[in-house]
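Here the structure comes first, spelled out in structure tokens, and everything after it is commentary.
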Amino acid sequence: MDTIIFDVDDTLYDQAMSFKNTCKRMFQEPFTEEELNQFYIISRKYSDALFDKCEAGQMTVREMHIRRIKDACSEMGMTISEEKALEFQEAYVEEQQKITLFEEVEELLGSLREQGKQLAVLTNGSTGHQSMKIKQLNLAKWIPEENMFISESIGYAKPAPEAFHILENKLDLDKQKTVYVGDSFANDIVGAKQAGWNAIWMNHRRRKMPENSFRPDKEVHSAKELVEVFEKDVLVERKLN
Ligand SMILES: [Mg+2]
């Protein structure tokens, strides 16, 4: 592979951690780790669905922020006021200012850069919020600023083919030698495969693969396994050379 393009949220860092920390701050309930995991998965479901509605102009970002935690709480058997939902969002943003890369991902970025690979990120979300996370993760250490693509800035969100086409043009990609790495099956895997790219599913939450859909070229269950895929890739390339 010549070009490796990464999703950001829950691919490069553990997004559940900031969510769980926010829950611990905002709710009196003493959640078990199991409940927090469940709460996180439920919250992502609403978050993704409402993000799409927001993209389609059917609701504002503020409404999305309120609804996604309200609906997740309701599925968990809790109620939350609009005011508290907004407080939750504020606390969540604060927690996201503390995120750090998965250790193995940090290693991987260093090694890929050393090998002279072209690196980029393609992430869904608002420019301000995603830029804050990119900065916090210090991604500019390995990835040039002009290779950071945020859906709000480019005008298209994954899985829309246009989002992937924009990168093809800007980065002069050879699709066959380009791989996209992401945790969301619906956005990252479907999006990348639809665009004709290679795709690695970073399925560290062990979600079930949807049937009758696209297939990732590789599925890994941890950052460690992800590193191993690229180590093997280097060995294959060395043999070929
Ligand atoms: Mg993600």
Side-chain angles (χ1 to χ4, degrees), residues 5-22 40-72 85-86 88-102 105 119-140 142-167 170-171 180-192 194-195 199 201-202 204-205 207:
I5 304 177
F6 295 92
D7 164 54
V8 175
D9 295 315
D10 220 32
T11 293
L12 300 182
Y13 75 95
D14 180 4
Q15 192 178 31
M17 207 186 281
S18 28
F19 180 83
K20 289 177 187 173
N21 287 339
T22 311
Y40 170 73
I41 298 285
I42 291 171
S43 82
R44 289 321 303 168
K45 182 180 71 182
Y46 288 111
S47 197
D48 288 344
L50 294 170
F51 177 79
D52 291 343
K53 281 201 165 174
C54 205
E55 279 298 300
Q58 291 164 0
M59 61 167 54
T60 65
V61 173
R62 187 173 181 274
E63 282 168 336
M64 170 188 70
H65 286 158
I66 295 170
R67 275 278 305 281
R68 64 182 186 181
I69 188 64
K70 264 194 128 176
D71 291 357
L86 283 169
F88 184 97
Q89 175 61 25
E90 268 174 41
Y92 186 46
V93 170
E94 273 173 33
E95 287 301 322
Q96 282 177 329
Q97 283 160 17
K98 301 175 193 162
I99 55 175
T100 54
L101 290 173
F102 285 124
V105 163
L119 302 177
V121 300
L122 170 60
T123 176
N124 275 2
S126 75
T127 307
H129 197 187
Q130 296 312 99
S131 300
M132 179 269 281
K133 289 185 254 182
I134 286 172
K135 198 164 167 233
Q136 170 61 25
L137 294 171
N138 201 17
L139 293 181
W142 305 277
I143 304 172
E145 296 279 358
E146 64 271 22
N147 289 12
M148 315 277 195
F149 297 91
I150 301 172
S151 67
E152 188 186 48
S153 310
I154 62 174
Y156 293 97
K158 299 174 289 182
E162 290 90 343
F164 294 85
H165 293 161
I166 286 171
L167 272 74
K170 294 237 167 153
L171 302 175
Y180 190 69
V181 182
D183 69 295
S184 160
F185 192 91
N187 289 338
D188 302 331
I189 303 311
V190 171
Q194 219 162 231
W201 190 21
M202 169 63 160
H204 61 116
R205 307 260 170 230
R207 291 182 168 102

> Can you list the steps and then say if E152 with S126 is a side chain to side chain donor-acceptor pair (under 3.5 Å)?
Replying inline: CA-CA 5 Å; E152 188 186 48; S126 75; 4.9 Å; no
> Where is the tightest heavy-atom contact between A72 and S43, given as atom of each residue plus distance?
Replying inline: CB-CA, 3.8 Å
>> Rounded to the nearest 0.5 Å, what separates atom CG in L167 from atom CZ in F149?
In response: 4.5 Å
> Can you check whether R44's main-chain N or O pairs, donor with acceptor, with S47's side chain at less than 3.5 Å?
Replying inline: no
> If you measure only the distance, is there a donor-acceptor pair under 3.5 Å linking the side chains of Q89 and R62?
Replying inline: no
>> For L101 versus V105, what's the shortest heavy-atom pair and its separation?
In response: CD2-CG1, 4.2 Å
> Who are the salt bridge (Lys or Arg N to Asp or Glu O under 4.0 Å) partners of E95, not counting sequence neighbours?
Replying inline: R25, K98
> Are there more than 12 heavy atoms of other residues, nucleotides or ligands under 6.0 Å from atom CD of E146?
Replying inline: yes
>> Pair K70, Y46 - check side chain to side chain contact (heavy atoms under 4.5 Å, CB included), show working.
In response: CA-CA 9 Å; K70 264 194 128 176; Y46 288 111; over 6 Å; no
> Under 6.0 Å from the NZ atom of K170, do we count more than 12 heavy atoms belonging to anything else shown?
Replying inline: no
>> Do Y40 and R205 have side chains that approach each other closer than 4.5 Å (heavy atoms only, starting at C-beta)?
In response: yes
> Roughly how far apart are D10 CG and F102 CZ, rounded to 0.5 Å?
Replying inline: 6.0 Å
>> Show the nearest heavy-atom pair for residues A157 and F51, with the distance to one decimal.
In response: CB-CE2, 3.9 Å
>> So, applying side chain to side chain contact (heavy atoms under 4.5 Å, CB included) with I5, which one of L171, L119, N147 is it?
In response: L171
>> If I take atom CG from residue D48 and atom CZ from residue F185, how far apart are they, to the nearest 0.5 angstrom?
In response: 14.0 Å
> Between S151 and G125, is there a donor-acceptor pair closer than 3.5 Å when you use the side chain of the first and the backbone of the second?
Replying inline: yes
> Taking atom CG of D188 and atom CG of D9, what is their separation to the nearest 0.5 Å?
Replying inline: 10.0 Å
> Which atom names give the shortest non-hydrogen contact between I189 and G182, and what distance separates them?
Replying inline: CD1-O, 4.2 Å
> Say you draw a straight line from CG of L50 to CD1 of I66; how long is it, rounded to the nearest 0.5 Å?
Replying inline: 11.5 Å
> Hey, what do you get for CD (Q136) to CD (Q97), rounding to the nearest 0.5 Å?
Replying inline: 7.5 Å
> Between Q96 and H129, is any side-chain donor less than 3.5 angstrom from a side-chain acceptor?
Replying inline: yes
>> Checking the side chain of N124 only, and the main-chain atoms of K158 only, is there a donor and an acceptor separated by less than 3.5 Å?
In response: yes
>> Using every non-hydrogen atom in the two residues, find where I69 and F19 come nearest and quote the distance to one decimal.
In response: CD1-CE1, 4.2 Å
> Which atoms form the tightest heavy-atom contact between F6 and L12, and what is the distance?
Replying inline: CD2-CD2, 3.7 Å
> Among L139, L122, V8, which one satisfies side chain to side chain contact (heavy atoms under 4.5 Å, CB included) with M148?
Replying inline: L139
> Is the backbone N or O of D183 less than 3.5 Å from a side-chain atom of H204, with the two atoms forming a donor-acceptor pair by type?
Replying inline: no
> What do you reckon, is CE of M17 surrounded by more than 12 foreign heavy atoms closer than 6.0 Å?
Replying inline: no
> Do you see a donor-acceptor pair shorter than 3.5 Å between the side chains of K133 and Q130?
Replying inline: yes
>> Apply side chain to side chain contact (heavy atoms under 4.5 Å, CB included) to residues I134 and I143 and explain how you reach the verdict.
In response: CA-CA 10 Å; I134 286 172; I143 304 172; over 6 Å; no
